[in-house]
Amino acid sequence: MEQHSLIIYILLAIVVTNLIRVTPMVLIKGQISNRFVRSFLYYVPYVTLAVMTFPDMILTTPTVWPGIIALLAGIIAAWCRLGLLPVAAICCLIAYLLI
């Protein structure tokens, strides 16, 4: 890949990322009062994180079973109200021990 193309790709990624973050602040003036929209916006980061990590959690292990067991352990740990870091550590540890 040429240096010129790489710089263009990085600049394009910066522009797109900033547009996604700035556009809602420009378009929405004031506080959002609709309960549905507020609830939707509250859960969007969690859903995005889950959609990005769920397939890799199962498919990166040599077989699917360590990933599935680590996922179930993570669900149980999250259900017990552990934070993100302990849940991630538990999932990684279990997947590592079962490989």
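The shown structure was predicted, so the numbers you read here are calculated from the model rather than taken from an experiment. We're numbering straight along the sequence, starting at 1.
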Do [X] and [Y] share a hydrophobic cluster (ILVMFWY, side-chain heavy atoms under 4.5 Å, transitive)?
X     : Y     : value
Trp65 : Ile75 : yes
Val16 : Tyr9  : no
Leu72 : Ile58 : yes
Val64 : Leu98 : no

Give, for atom [atom1] of [X] and atom [atom2] of [Y], the distance between the pair rounded to the nearest 0.5 Å.
X     : Y     : atom1 : atom2 : answer
Ile14 : Leu19 : CD1   : CG    : 12.0 Å
Leu97 : Cys92 : CG    : SG    : 11.0 Å
Ile94 : Leu71 : CD1   : CG    : 10.5 Å
Ile69 : Cys91 : CD1   : SG    : 12.0 Å
Thr61 : Tyr96 : OG1   : OH    : 14.5 Å

Could you walk me through whether Ile90 and Leu82 satisfy the side chain to side chain contact (heavy atoms under 4.5 Å, CB included) test, starting with their C-alpha distance in whole Å, then the side-chain angles of each, then the deciding distance to 0.1 Å, before giving a yes or no? CA-CA 10 Å; Ile90 289 169; Leu82 291 178; 3.8 Å; yes
Show your working on side chain to side chain contact (heavy atoms under 4.5 Å, CB included) between Leu11 and Val15 and close with a plain yes or no. CA-CA 6 Å; Leu11 290 175; Val15 169; 5.5 Å; no
Heavy-atom donor-acceptor pair, Ser39 side chain to Arg35 backbone, under 3.5 Å: no
For Ser33, does its backbone N or O pair with a side-chain atom of Arg38 as donor and acceptor, under 3.5 Å? no
Min side-chain heavy-atom separation Pro62-Ile99 under 4.5 Å: yes
What's the shortest heavy-atom distance between Leu41 and Pro45, and which atoms? O-CD, 3.6 Å
